[in-house]
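Quick caveat: nothing in here was measured; it's all calculated off a predicted structure. Convention: sequence-line order gives letters A, B, ...; per-chain numbering from 1. Excluded from the calculations below are hydrogen atoms, water molecules and symmetry mates; all remaining heavy atoms, backbone and side chain alike, are included.
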Number of protein chains: 2
Amino acid sequence: MATGRPHRPATRGRGIPEATVARLPLYLRALTALSERSVPTVSSEELATAAGVNSAKLRKDFSYLGSYGTRGVGYDVEYLVYQISRELGLTQDWPVVIVGIGNLGAALANYGGFASRGFRVAALIDADPAMAGRPVAGIAVQHADELEKIIDDNGVSIGVIATPAGAAQQVCERLVAAGVTSILNFAPTVLSVPDGVDVRKVDLSIELQILAFHEQRKAGEAAAASELSDVAELVTPVAPPVAATKRRADDGSEGPDGLSAVMPA
Amino acid sequence: MATGRPHRPATRGRGIPEATVARLPLYLRALTALSERSVPTVSSEELATAAGVNSAKLRKDFSYLGSYGTRGVGYDVEYLVYQISRELGLTQDWPVVIVGIGNLGAALANYGGFASRGFRVAALIDADPAMAGRPVAGIAVQHADELEKIIDDNGVSIGVIATPAGAAQQVCERLVAAGVTSILNFAPTVLSVPDGVDVRKVDLSIELQILAFHEQRKAGEAAAASELSDVAELVTPVAPPVAATKRRADDGSEGPDGLSAVMPA
DNA sequence: ATGCCTTTGTGAACGCGTGCACAAAGATGA
DNA sequence: TCATCTTTGTGCACGCGTTCACAAAGGCAT
């Protein structure tokens, strides 16, 4: 989700809904696996199972791309792989720069999934002069001073930010000023960018916190159910499980106004 | 988004919508920053800006938690930090195991964001015997044989999968069998889990592909606009930019049925 | 050629999420 | 104490996304 844009309708350009676009890579991956096993055709039901979605949703998604199926038979795997690839823009080469070659940046540089679908790591950039020249994943790290030149020389339009949070906004601005119009942000910060620039963020901490919420809820529900022996509670939980919110683990880390338990990130 | 569940209504438990839960960590981060600067109160407008969301949305989100604001003044920062922390379950300790200590797993182990909000890395687990005993981020890697024992001993309910795609489902099943009920999956695979287990996935490749789609669209629109000199096209794009879909880069890699351009991952 | 059977493609309904706009609430100063 | 001003909390409407259910379409066997 891009930040700092005044909210355009989700379905833009032709008319492919954003939610559908987000699922196309999923279908593509499943189709690629089928293609490797030389499976010629696949039904919406089979493919949907492989991709982990509803078959009706899959068919509707594909209907936005056009009518690529054959009724009574299914979809031609190879043809669909090509159509989705083309729709996603994967039939062309996308040079990408990774900024911030710490643990995460190095992991990203080594990640095979980058190179496999038209994405090419054009450069690794770090602000630490000691990193300059050091090879990571077979590519020599370049100093941040070179950022603008690298982007210009390679025609880079996609940048990956893997710096500490404090440096992210500044790096972002330099990337944008140099011509980058899509940013994948791993730093735990809200980036503000001008209109026309897309930002997607990957935030490990947020994902964990969402899991913790559900985990707490599950623990609370289970405790409430076992304590009250009220089975109906499980089906339609009405009252909040007050006394059961802090079950599990030993806890004890929650003060009266409990602020000590929360540490600034 | 969990996979393999028959789709429960998005707002569960008490009544906090899933979309709101996903934003709470964002608010919490912004509030923590304010707290460090000793800011006593904050208005919905200010906080919304800091978190990168609409102020009305923020107020509605908070209204699900209760009425924690003061009209005419705003929200008490410290109090709100505590309330959100409690709601997310961050006032308790969450032991976490990371399975698969490759580049990514090591990066996650070193990531400060894990430890900072009640998440404690209880163990690092890898299937490679050569890794066993090696310290990563100050913690000795343990062999996968110990997985069940580790989870049981530490009361782990959250697992992070950072293995190659091929091993992910098997690891997932062992985690679930051992008692893990929340999984953060970094492997590019669809995990199937029994009901009651939450799965969230982080997929670098998918994020990049979504960016590529928008990037291609932008390039196509820009090319169409400059070719046709039709400015209105930019404001409300009506007709698909047919001749401009494959602009940018040199292309030429697209055959008649263009299958060669797509490489299996 | 014809009827059957499978699977696609989509119209329609429903529910969630978002944003507007305003009334209620409380602080603050005279 | 009372008026004013700021900011919250929310009713309402709208649009996107999901799902159901079915008609249209095409292969295949007889």
Side-chain angles (χ1 to χ4, degrees), chain A residues 1-24 26-27 31 39-77 79-80 83 210, chain B residues 1-3 5-24 26-27 31 39-77 79-80 83 210 236:
Chain A
M1 213 148 291
T3 310
R5 217 183 328 143
H7 191 69
R8 255 185 285 184
T11 143
R12 359 182 254 178
R14 194 165 328 177
I16 303 183
E18 190 60 33
T20 296
V21 172
R23 280 189 294 268
L24 289 181
L26 230 54
Y27 302 145
L31 285 164
V39 177
T41 61
V42 65
S43 72
S44 64
E45 198 68 49
E46 291 167 322
L47 186 54
T49 302
V53 301
N54 187 301
S55 70
K57 194 187 301 189
L58 180 142
R59 286 198 299 277
K60 181 145 287 195
D61 283 342
F62 285 174
S63 78
Y64 291 115
L65 309 182
S67 291
Y68 294 145
T70 307
R71 295 173 193 235
V73 178
Y75 298 91
D76 183 277
V77 171
Y79 187 60
L80 204 45
Q83 289 299 342
I210 296 172
Chain B
M1 213 149 293
T3 312
R5 216 181 334 141
H7 192 68
R8 255 184 286 184
T11 145
R12 359 181 251 177
R14 195 164 330 177
I16 302 184
E18 189 61 32
T20 295
V21 172
R23 280 188 295 267
L24 290 183
L26 229 53
Y27 303 145
L31 285 164
V39 177
T41 60
V42 65
S43 72
S44 64
E45 198 67 50
E46 291 167 323
L47 187 54
T49 302
V53 302
N54 187 299
S55 72
K57 195 188 304 190
L58 179 142
R59 286 197 300 275
K60 181 147 292 192
D61 283 343
F62 286 175
S63 78
Y64 292 115
L65 309 182
S67 291
Y68 295 146
T70 306
R71 297 173 191 234
V73 177
Y75 298 91
D76 182 277
V77 171
Y79 187 58
L80 204 46
Q83 288 300 340
I210 295 172
T236 47

Check your understanding: Which part of the nucleic acid, if any, lies within contact of Phe62(A), taking any heavy atom under 4.0 Å across all strands shown: a base, the sugar-phosphate backbone alone, or nothing?
Key ->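 Contact class for Phe62(A): none.
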
Review point. 5'-most contact on DNA chain C: Ala56(B) or Ser63(A), nearest heavy atom basis?
Key: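 Nearest nucleotide further toward 5': that of Ser63(A).
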
Whole angstrom value for the distance that separates [atom2] of [N] from [atom1] of [X]:
X	N	atom1	atom2	result
Leu47(A)	dT8(C)	CG	C1'	13 Å
Tyr68(A)	dT10(C)	OH	P	13 Å
Leu58(A)	dT18(D)	CG	C1'	13 Å
Glu45(B)	dC20(C)	CD	P	11 Å
Glu18(B)	dG17(D)	CD	P	17 Å
Arg59(A)	dA25(D)	CZ	P	16 Å
Tyr75(A)	dG26(D)	OH	P	14 Å
Asp76(A)	dG26(D)	CG	C1'	16 Å

Review point. Starting at the 5' end of DNA chain D and moving along, which residue's nearest nucleotide shows up first, Thr70(A) or Asn54(A)?
Key: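 Here Asn54(A) is the residue nearer the 5' end.
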
Review point. From dT18(C), dT8(D), dT10(D), pick the nucleotide closest to the side chain of Ser44(B)?
Key: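 Side chain of Ser44(B) sits closest to dT8(D).
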
Practice item. Would you indicate which nucleotide in dG17(C), dT8(C), dT18(C) comes nearest to any side-chain atom of Lys57(B)? Key: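 The closest nucleotide is dT18(C).
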
Exercise for review: Check the pair Leu58(B) / Arg23(B) against side chain to side chain contact (heavy atoms under 4.5 Å, CB included), numbers first and verdict last.
Suggested key: CA-CA 9 Å; Leu58(B) 179 142; Arg23(B) 280 188 295 267; over 6 Å; no

Exercise for review: Mind running side chain to side chain contact (heavy atoms under 4.5 Å, CB included) on Leu24(B) and Leu65(B) for me, showing each step along the way?
Suggested key: CA-CA 10 Å; Leu24(B) 290 183; Leu65(B) 309 182; 4.1 Å; yes

Practice item. Output the distance between atom CG (Asp61(B)) and atom CG (Asn54(B)), rounded to the nearest 0.5 Å. Key: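 Taking CG in Asp61(B) and CG in Asn54(B), the distance rounds to 10.0 Å.
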
Check your understanding: Could one point to a donor on the side chain of Arg71(A) or the base of dT7(C) with an acceptor on the other under 3.5 Å away?
Key ->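 By the distance-only test, no, there is no pair.
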
Exercise for review: Please evaluate the base of dG19(C) for a donor-acceptor partner in the side chain of Lys60(B) within a cut-off of under 3.5 Å?
Suggested key: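 Present.
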
Exercise for review: I would like to know whether Phe62(A) and Tyr68(A) meet ring pair (Phe, Tyr, Trp, His ring centres under 6.0 Å); could you show each step before the answer?
Suggested key: CA-CA 8 Å; Phe62(A) 285 174; Tyr68(A) 294 145; 8.3 Å; no

Point to revise | Stepwise side chain to side chain contact (heavy atoms under 4.5 Å, CB included) check, Lys60(B) with Thr20(B) | key: CA-CA 9 Å; Lys60(B) 181 147 292 192; Thr20(B) 295; over 6 Å; no

